[in-house]
Every structure is written in structure tokens, then in C-alpha cells.
Chemist: 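Dumping the structure here so I can ask a few things about it.
No experiment lies behind these values; they were computed from the predicted model shown.
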Amino acid sequence: MVYYTNRLKKSLTTGCDRAMSERLRTVCFSGHRPEKMPDDPQLLAVTKSMLYYHIEDSIRAGYTRFISGLARGVDLWAAMYVLELKQRHSQLELICVKPRQDHGAAFRGEDLYVLDSVLERADSLICTECSDGENCYKRRNRYMVDHASKLIAVVNQYRSGTGQTIAYARKQGLALCVIDIRKVTGEAEKLGLLPVGYDSQLSL
């Protein structure tokens, strides 16, 4: 069953039934690019496992639509996980949102390969480009939040675009699943993804 806050429920009552139904079944993602993620490969692997776990948990709760902003790092990892899970859950939809028409032009190597793979298999593609290039990313982030009822975010620095997206999602009443990298090993232990005491082997 999909759960949502009373504030979000109230805000949706003015929309059409179909849009409301879709939003209530939709999760969006936010997170840092690889250079802001842990250098420790074990800690990075745990963080990715947590992301995968929470996507699966959302599917179990009834969410079927997932929105990715296609940024390097968390956005593309999440998109690939959704596509992988879609092989077992055919009802899933992946919606990709580009902040600019030329998004990905500077991608190279694996980043470009993953982006192309995601775009080729996505169910729909939306571009939120605006005339003010500097605000295109904020506009994309707000679009995703405005069309979802849950946010899954991976954050290490709250003074960032991800931190702003979390704050906006909280203000809009979305259900929040925040994977704080500073606390990730402890959370992974609670979920049974790691043996107790594993965090003593890792450091940020």
C-alpha cells in the first residue's frame, strides 16, 4: 500500500483523478555526483545497496513509477536499478527528466554509456529546459518533486542541490527516504544488509 502525508493528499485534491493516481504511485530521486560520494569502495558499495533496497521497498509498498533526473552518480544508478527490477516487475515505469536538451554532451566513458542505455530503455523522456541556464537544474528538481509523492535521496552535504531538493520535498509534504552517507553503515546494519559492527571497519 502506498502511504502519503495529509498535506500532500490535500494538495492533490485539486488535480484530476489520473494525475493524482499517478503521483501517488511515483518516486523521484536526488543525490550527489560521484566526486561527492565516498572514496572508500566498501562504503560506496553499502550506499548503493541501501539505494537498491529502498527502491525495492518502494515497489513492495505499491509504487510503480520512478523519476530520474539523469545526473551522473545517484540519478543514473537509481535509473539502472529500476530498469533491472523492471525485468521482475513489468508494471514499473521509468520517467527521465533532462534539465537541458544538450544534457550529457560532456559525459564520457562509462557515464555516457550508462546515460545512453537508460535513455534507450526509459518509458518516457521530459525536458524542463528554461532560458536561464543556471536555474535549469533547480527547475528539473522541482518538476520531479511536484510529480511524485516520495523522494529517495542520497546525501553527504546538505548545502547542495540535493539538500535543496530534500528541503523542497519536505515543504511539499512528500514521504522522505534520506540515505545519509554519514550514517549509512548503522542504517544498513538495522536493515540486515550488514553484520553488526561492520561500521568499525570503515571511515569517511
Chemist: To the nearest 0.5 Å, tell me how far Arg72 CZ sits from His32 NE2.
Modeler: 13.5 Å
Chemist: Within the structure provided, determine whether Ile152 and Ser58 are in side-chain contact (heavy-atom separation under 4.5 Å).
Modeler: yes
Chemist: Is any side-chain heavy atom of Leu176 closer than 4.5 Å to one of Arg170?
Modeler: yes
Chemist: Below 4.5 Å, heavy atoms only, C-beta onward: do Leu92 and Leu85 meet side chain to side chain?
Modeler: yes
Chemist: Does Glu35 have more than 12 heavy atoms from other residues, nucleotides or ligands lying within 6.0 Å of its CD?
Modeler: yes
Chemist: Under the salt bridge (Lys or Arg N to Asp or Glu O under 4.0 Å) criterion, do Glu56 and Arg88 qualify, and how do the steps go?
Modeler: CA-CA 11 Å; Glu56 270 198 311; Arg88 290 189 276 122; 3.4 Å; yes
Chemist: Measuring only between side-chain heavy atoms, which start at C-beta, is Val74 closer than 4.5 Å to Lys48?
Modeler: no
Chemist: In this structure, are over 12 heavy atoms from other groups packed under 6.0 Å from Tyr113 atom OH?
Modeler: no
Chemist: Salt bridge or not for Asp146 and Arg139, using N-O below 4.0 Å?
Modeler: no
Chemist: Can you find a heavy atom in the side chain of Asp123 that is under 4.5 Å from one in the side chain of Ile95?
Modeler: no
Chemist: Please test Ser149 against Arg23 for side chain to side chain donor-acceptor pair (under 3.5 Å), starting from the C-alpha separation and ending with a verdict.
Modeler: CA-CA 6 Å; Ser149 63; Arg23 185 176 182 185; over 6 Å; no
Chemist: Quick one: does Ile126's side chain get under 4.5 Å of Ile67's, heavy atoms only?
Modeler: no
Chemist: Does the side chain of Ser30 come within less than 4.5 Å of Asn141's, by heavy atoms?
Modeler: no
Chemist: Might you work through the side chain to side chain contact (heavy atoms under 4.5 Å, CB included) test for Thr47 and Ser49, ending with a clear yes or no?
Modeler: CA-CA 5 Å; Thr47 303; Ser49 294; over 6 Å; no
Chemist: Is there a donor in the side chain of Thr64 and an acceptor in the side chain of Arg25, or the other way round, less than 3.5 Å apart?
Modeler: yes
Chemist: According to a 4.5 Å side-chain heavy-atom criterion applied to Ile, Leu, Val, Met, Phe, Trp and Tyr, with indirect links allowed, do Leu115 and Val82 form part of one hydrophobic cluster?
Modeler: yes
Chemist: Hey, can you tell me if Phe29 and Phe66 have their rings parallel, tilted or perpendicular (30° and 60° cut-offs)?
Modeler: parallel
Chemist: What distance do Arg65 atom CZ and Ser21 atom OG have between them, rounded to the nearest 0.5 Å?
Modeler: 9.0 Å
Chemist: Calculate, to the nearest 0.5 Å, the distance between atoms OH and CD belonging to Tyr63 and Glu93 respectively.
Modeler: 15.5 Å
Chemist: Quick one: do Val155 and Ile179 satisfy side chain to side chain contact (heavy atoms under 4.5 Å, CB included)? Show the steps, please.
Modeler: CA-CA 6 Å; Val155 64; Ile179 303 168; over 6 Å; no
Chemist: Considering only heavy atoms from C-beta outward, does the side chain of Tyr168 approach that of Lys138 to under 4.5 Å?
Modeler: no
Chemist: What is the minimum heavy-atom distance between Gly31 and Asp75, and which atoms define it?
Modeler: N-OD1, 4.1 Å
Chemist: Please walk me through it: do Asp116 and Arg121 pass salt bridge (Lys or Arg N to Asp or Glu O under 4.0 Å)?
Modeler: CA-CA 9 Å; Asp116 286 345; Arg121 293 183 285 165; over 6 Å; no
Chemist: Is Tyr52 reachable from Ile59 through a run of I, L, V, M, F, W or Y residues, each pair having side-chain heavy atoms under 4.5 Å apart?
Modeler: yes
Chemist: So Thr26 and Lys150, side chain to side chain donor-acceptor pair (under 3.5 Å) or not? Walk me through it.
Modeler: CA-CA 7 Å; Thr26 302; Lys150 180 178 180 178; over 6 Å; no
Chemist: Linking I/L/V/M/F/W/Y whenever their side-chain heavy atoms sit closer than 4.5 Å, directly or via other members, would Leu51 and Met144 fall into one cluster?
Modeler: no
Chemist: Calculate, to the nearest 0.5 Å, the distance between atoms SG and OH belonging to Cys136 and Tyr143 respectively.
Modeler: 15.0 Å
Chemist: Answer with yes or no whether the hydrophobic clustering places Val97 together with Val27; edges join I, L, V, M, F, W, Y residues whose side-chain heavy atoms lie under 4.5 Å apart.
Modeler: no
Chemist: Are Leu44 and Val114 co-members of a hydrophobic cluster defined by side-chain heavy atoms under 4.5 Å apart?
Modeler: yes
Chemist: Is the NZ or CZ atom of Arg33 positioned over Phe107's six-membered ring, under 6.0 angstrom from the centre and within 45° of the axis?
Modeler: no
Chemist: If you round to the nearest 0.5 Å, how far is CZ of Arg140 from CD of Glu129?
Modeler: 12.5 Å
Chemist: Does Lys86 reach the main-chain N or O of His89 with its side chain, forming a donor-acceptor pair under 3.5 Å?
Modeler: no
Chemist: Rounded to the nearest 0.5 Å, how far does CZ of Arg100 lie from SG of Cys127?
Modeler: 9.0 Å
Chemist: Heavy-atom count around Asp39 CG within 6.0 Å, excluding the residue itself: above 12?
Modeler: no
